[in-house]
Every structure is written in C-alpha cells, then in structure tokens.
2 protein chains.
Amino acid sequence: MATEARRPGRPATLEDVARVAGVSRATASRVINGSPTVDAALRRKVEEAITATSYAPNRAARSLVTRRTDSVALVVSEREQRQLATPFIGRMFTDPHFGRVVSGLLQVLRPAGMQTVLMVADDEASRRQVLTYLRQGHVDGVVLISSDPNDPLPRMLSETALPTVLAGRPGRSAVLPYVEVDQRAGAQLAAERLVAQGRRLIGTVAGPQDMPAAQERLEGFRGALAALGVTGLPWAEGDFTRAGGAEAMRRLLADHPGLDGVFVASDLMALGAVPVLLRAGRRVPEDVGVVGFDDSEAAEASEPALTTVRQPVEDMACEMARLLLRQIREPGAAPPSVVFRPTLVVRDSS
Amino acid sequence: MATEARRPGRPATLEDVARVAGVSRATASRVINGSPTVDAALRRKVEEAITATSYAPNRAARSLVTRRTDSVALVVSEREQRQLATPFIGRMFTDPHFGRVVSGLLQVLRPAGMQTVLMVADDEASRRQVLTYLRQGHVDGVVLISSDPNDPLPRMLSETALPTVLAGRPGRSAVLPYVEVDQRAGAQLAAERLVAQGRRLIGTVAGPQDMPAAQERLEGFRGALAALGVTGLPWAEGDFTRAGGAEAMRRLLADHPGLDGVFVASDLMALGAVPVLLRAGRRVPEDVGVVGFDDSEAAEASEPALTTVRQPVEDMACEMARLLLRQIREPGAAPPSVVFRPTLVVRDSS
DNA sequence: CGAGCCGGAGAGAGCGCTCTCTCGACGGTG
DNA sequence: CACCGTCGAGAGAGCGCTCTCTCCGGCTCG
C-alpha cells in the first residue's frame, strides 16, 4: 500500500503512524497504550494508520524509557555436570516434568504479552553470567527451577530486587515466594492407600535426602504410617532417576524380602523399581503394592499402570506465573508462597 | 564500593564508567566493543571502571541503535489442539526429543552470547502474533520446530528476510535451510539389520504419511527391503505416539500374524508396539525382531532394550544454531541445508 | 623545516519510544 | 463579560547506547 514503508526496508515507526494519521507522535502513543483521553475520531484514524503501516512498537525503544521489558527469564539451574565428557547442557530439558512446567507458565505468560527467555546456569561462570544479565534489567522477573538443594542462586536472587518465583521450596533459606505441592500430604495419601489394602511390611524408595522435597516425602510417609499403627519403615535412597530407583529397590528387597508394599518417591524411580520386583518373582500389585509420586506420563504407560500421587504440575506452573506477574505489577510486597494439595490417582499397581 | 551507584537504585551506565575511568563515553564504548584503536593504559582504566561499577551494557539501548538484539527465537509450531478441554500449550515440550534439541541449541547459542526466546504458535492468532513479533526485529534469527506438515509458518518466514533455520525438512516448499537426518539411510539400516538376521516376513509401523519424514522412512524401508530381495511390505500407520504405535501394531499383527520383523518408525511408537507383540505371545527378539528410530532415552529403558536407528539430535541442533549464526553474521546468502547420517544402535530387540 | 598523514580520543547526533509540561479551546460560573 | 477549570493534543526532553565526524598531536617525508 502507498502509505507504507517511508523508509525502505525498515519497519514503520510511531512517527510514521503519526504522520499517516495526521496527529502527533504523542497522540499515536496514547492510542497504542490505551490512554482514555483521546478523541474517538482521532483514535480511529490512528488505528487505521497502524493497520496501514503494519506498525508494531519497537520493544527496545519502549523498554529503554519505561524500564520494563515485558519479558521474564526462565532460569534452569542444575548441578554441575563435570563428569560428562560431552558438554551436555540442561539435562533437565529432557524431563517431561520440565515440559509441563513450561507449558503451564506459557499458558499465563503468553496472554499477558510476556516473552520468555530461557537460561541455564550449570556452573560458577554461567551462574555469574545469568545473574549479571538478570540484574541489568533485561527481564522484569524470574522463574527459577533448581534441581540442586545447595544452589546459591535463590539467595543471590533474593538479594536483588528482581521479582522472582521458585519452583519448589529452596534448600537454603531464601525469602522468595515459591510454589510447591504438599509433600507430606502426598506421602500420607500413599501410606493410607497401602495400609488400606492390608499391607503391613511397607518400605519406601526415597529421593536424595539433601533435597527438602525428598526429605519431606520420607518423613511424611513415616509419620503417616506411624499414625496408622505401622512402625519401623525400611527405606533406600535413590537419585530420582530410573536406574537409581531400580538400584535402590534392589537393595531394599535384598534387606527386606518380605515387603508387601512400596512407596517410591517419584514415578521415574518407580519405573525402575517395578521391573526389579517383577524379576524377583513378585507380582504387582498382588504380592507387592507400589505407589509412585508425580503422576507423570510414565505412570500411565508403565506396566502395570502406576497408582501414584498426583502433583497438578501445570496448575502449579500457572500459579507461579501469576505470582510473578503480581510481583511485577505491584512491586514491594512479595506474595506468599502457595502450596498445592496432591491427590491420589489409583491405577493398577496398588 | 565508593565509585558505584551514582544514581541510587539504577545500574551503572556507560556514562558512569566513562566518568570513573576519566575518559569519554565513546572510548568506554570502544573498550567494551573491543575496538583495537584504544591506548592500552586507557583500556586498563576503563576495564577497572567496569569492574568497579559492575557495569553491564543495556541491551535495549544498544539494540535500539545497532538493530541487533543478540537473541534468537525458538518457535515451536504445533497443530491446533481444539479437541482438548484444557488449553494445553506446547505438548511438544514434554517430548524428550524437544529437550535434546534445546540442549544442543544452547550449547552453541550460549557461548555466542545469544539469548533464546521461547515462543509457541498453535493457532491462527498465535501464529500472527509470533510473526508480528519476529518481523518487528525483536530477534536476530529464528529456529523453527514444526510438527505440522501443513504449517504455513515456514513459508511466511521465508517471505521475511529474517535468518531462519528449520528442524527437519518443511512439508510445503520453503527456501529455508534445514537440518535433518537422512531418513532413507536410517530406514535402510533397519532393513539391513532385520534381513541379516534372516527375517523375511517383515512389516513396518509407519508414521503419519502427511509428514515428509514419515513418508521417507516408509519409502526408504520399502526400497531397501526390495534391494535385499524382500518385497510386499505390510504396514500400518501410527501417529508417532506410544498409544498410536500400539494400535498400529495390533492392526498389523492381526492382518499378518506370521510377522518375524518390524521396523517401527519411532522409539516412542515402538514402546507401544513391543508390549502388543509380547502380549500376543511373540517373543522379542526371538520370534519377532523390532527396530526403532530415534535412539531416544526410552529405547534404552524399554524391555527388551530397543535396537534403533540413532539420530544425533544434539549434534543436529548444534548445527542448526551454527547455521543460524552464520546467516546472522553474513546476511544475504542462506547457507545450504545439512543432512546427517544416522547410525544403527544394536541392543536386544533385534 | 614545513606539509601531510595517521593513530587515538572526544563531541554530538540520533535510534524509537514515553511522558511531562505546556497550550489552546471550550464551557460553566460569578 | 472576565475568569477559571477541564479536557484533549502537541512540543520536546531524554532513556543508554553506537558511530560518524572532527580534532589534536606526533610522526614521516620531501
């Protein structure tokens, strides 16, 4: 169209829009930012000009003056992977759980017009780099997913004034809002299920005991069993991987061959643990009942389908995004953390 | 430190650095951007000032004048998911394959100082939104991962001048560079393996035949078998999901109970197909050999461990990032597409 | 010894936008 | 009829940076 491309090859600017609409730049800006003090006729003209020039605001220019960027960082913080030969970045990315979190976040961030910048911190250097980036005001807020309980990033972030939300309670104390599932309540659901089925020789494959979530699942499970009159909980520690779950199950079974029920603190570990039981000649659920944790996709696909404690991961991620947006819009008071109630999903394994 | 924070609460600017170093803004800028025409003594002073003020350049301001943003978009384009009750964004995120791609991309982008912005296009509106964003110059380049062969986005992107790389060959013709594995060669590896084991009643669970990759795997497999003297390939179409693989396997087995070998066009489908065979009383690999495609993590974990055609996903993603960076640095000529050679990973299933 | 050259540094414009300040027009009031 | 308040619109500064242009001083060369 004739009105377009005053300067060849460059996208239209507000100046162009104003000229086409026959108004000042300020008025065009008012229309774009929804100011109420614009005459209806002029507003129409500006809107037409915007269409005619296919104008879209330059975020860099806007951000320069407003000090907002309309984007947030999704920071994935991982334990350093020194032992790997190939420099493999972001092992967490291949975890479907992570994908569910991303999906939930985008569900809220996208309609809010927020862009999401993906960053990984997996060693001292990258952590510094990420922090510098964040501190420099390139994003309005941060969602931090950390798999390392000793991660210094939460504390470092809490020292900046940057709005931040954590996925899960941080290992070290940091006064940042987080979103998490009630681990103890989840463990209690598992305990109640197994006991209700008449199982009494119950063990658990726990997660790494330096992670708060894993600790709470173990303690919560032990406490719930005790409340139900079952004491003396045998357990083995896995590392939240499939292989780790298998290994822990093997140890547990060797020490306690009479087990008739197992709470495995993650579905992924359960996926490793169940075959160990089967190969040892135990039928699941007839001989040994198994309850997992997460309700990941793997739970449904496993053989037999896994009875498991469901975390509403997507909902939790949505809530994280909402908490973050609230902090961004109302600076100052950090919103309270949110703890979700887990539910039990009964399938075949118990 | 005393020299910091000339203006309270705001990060240091180039002006601050210059003042602290006792030079002009221009010289400070030269040092930061590595201009060679700076006296060594001044350079030192500026570098000290940078440290003292913990200065980091404001990207918005820089981008405003350079028209570069030092960030690229990772656009995930998916078929519209109307049928879902909950607005579930980005089902692809939960696919470990996607995570591997992200990991590979970051491996190259991060050292290059490029930020990665995550975007999803899953319907007409979001596609337009994404395109507007991209066209406005908010990113220097685009990596497009599309699961929809009829996706209009590649064509739309090729009409912009924006550097772009596609993951996989696009369904519709678009003159954009892509990175992909040689599908036919992969299918040939599978055919050779099965035939070498003396199998002759060979079928295949193919992928959706509107996807080029799935087509080529089927045709490549058929062609390779023919070259080996095996003709008349029975096949069933799956949708690249686990359940779809199981369903297709069931149909295939019902029509051809005498099968002694199956090429399943993705590991995920194989994960569904193998249990169908086992439940039908076929031993794997004794009665029926199974070869998958992808060498996903699932392949190793499956029971029996899956013999599969390996795609070097991370390497391919690295290459995508490199192609993109090259386009960004040398505008004009789009680099050629790159096709990777697959390899066969022999495990237990065939 | 003076003209020309060149390396190195500073001055200053301007990228596209927002937002304050100013101004004009209009209508209601004393 | 003069005054004031209000509403809508424009003028213009300035966000932090890059980059061209200009200038200065020291060197080489005729």
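Values in this document were obtained by computation on a predicted structure and should not be read as measured data. Excluded from the calculations below are hydrogen atoms, water molecules and symmetry mates; all remaining heavy atoms, backbone and side chain alike, are included. So that the names make sense, note that chain A is the first sequence line, chain B the second, and so on, each numbered from 1.
For the pair Thr13(B) and dG16(D), the criterion of a side-chain N or O lying under 4.0 Å from OP1 or OP2 is not met. Proximity of Thr27(A) to the phosphate of dG10(D): a side-chain N or O atom is located under 4.0 Å from OP1 or OP2. The phosphate of dG8(C) (OP1 or OP2) has no side-chain N or O of Thr37(B) nearer than 4.0 angstrom. A close approach under 4.0 Å does occur between a side-chain nitrogen or oxygen of Arg10(A) and OP1 or OP2 of dG16(C).
Ion pairing of Arg19(A) with Glu15(A) is absent here, as no side-chain N (NZ or NE/NH1/NH2) approaches a carboxylate O to less than 4.0 Å. One finds a salt bridge joining Arg155(A) and Glu159(A) here, because a Lys/Arg side-chain nitrogen approaches an Asp/Glu carboxylate oxygen to under 4.0 Å. Ionic pairing of Arg127(A) and Glu124(A) is present here: one or more N-O contacts between side-chain nitrogen and carboxylate oxygen are shorter than 4.0 angstrom. A salt bridge between Glu48(B) and Lys45(B) is absent, with no side-chain N of the basic residue lying under 4.0 Å from a carboxylate O of the acidic one.
Side-chain atoms of Ser103(A) never come within 3.5 Å of backbone atoms of Gly99(A) as a donor-acceptor pair (strictly under, hydrogens ignored). Between the side chain of Ser126(A) and the backbone N or O of Asp122(A) there is at least one donor-acceptor pair closer than 3.5 Å. No side-chain donor-acceptor contact under 3.5 Å links Ser54(B) to the backbone of Ile50(B). Judged by distance alone, the side chain of Asp148(A) and the main-chain N or O of Asn150(A) form a donor-acceptor pair under 3.5 Å. Of the possible donor and acceptor atoms, one in the side chain of Asp140(A) sits under 3.5 Å from a partner among the backbone N and O of Asp70(A).
Atom CG in Leu64(A) sits roughly 12 Å away from atom P in dC17(C) (whole-Å rounding). Distance CZ (Arg67(B)) to P (dC17(D)): 18 Å, rounded to an integer number of Å. Here dG12(D) presents its P atom at 13 Å from CD of Glu15(A), a figure rounded to the nearest Å. Remark: P of dC15(D) and CG of Asn58(A) are 18 Å apart, rounded to the nearest angstrom. Look at CG on Asp39(B): it is 15 Å from C1' on dG10(C), rounded to the nearest Å.
A heavy atom lying under 4.0 Å from DNA chain C marks none of the residues of residues 129-136 of chain B.
The shortest heavy-atom contact between Leu134(B) and Val139(B) is CD2-CG2, 3.6 Å.
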Exercise. Would you mind building the protein contact string for nucleotides 18-25 of chain C? One character per nucleotide, 5' to 3', B for base within reach (heavy atoms under 4.0 Å), S for sugar-phosphate only, - for untouched.
Key: BBB-----

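Rounded to 10°, the angle separating the first-five-pair axis and the last-five-pair axis of the helix from dC1(C)-dG30(D) to dG30(C)-dC1(D) equals 60°.
In this structure, a donor-acceptor pair under 3.5 Å is absent between the side chains of Asp16(A) and Thr53(A).
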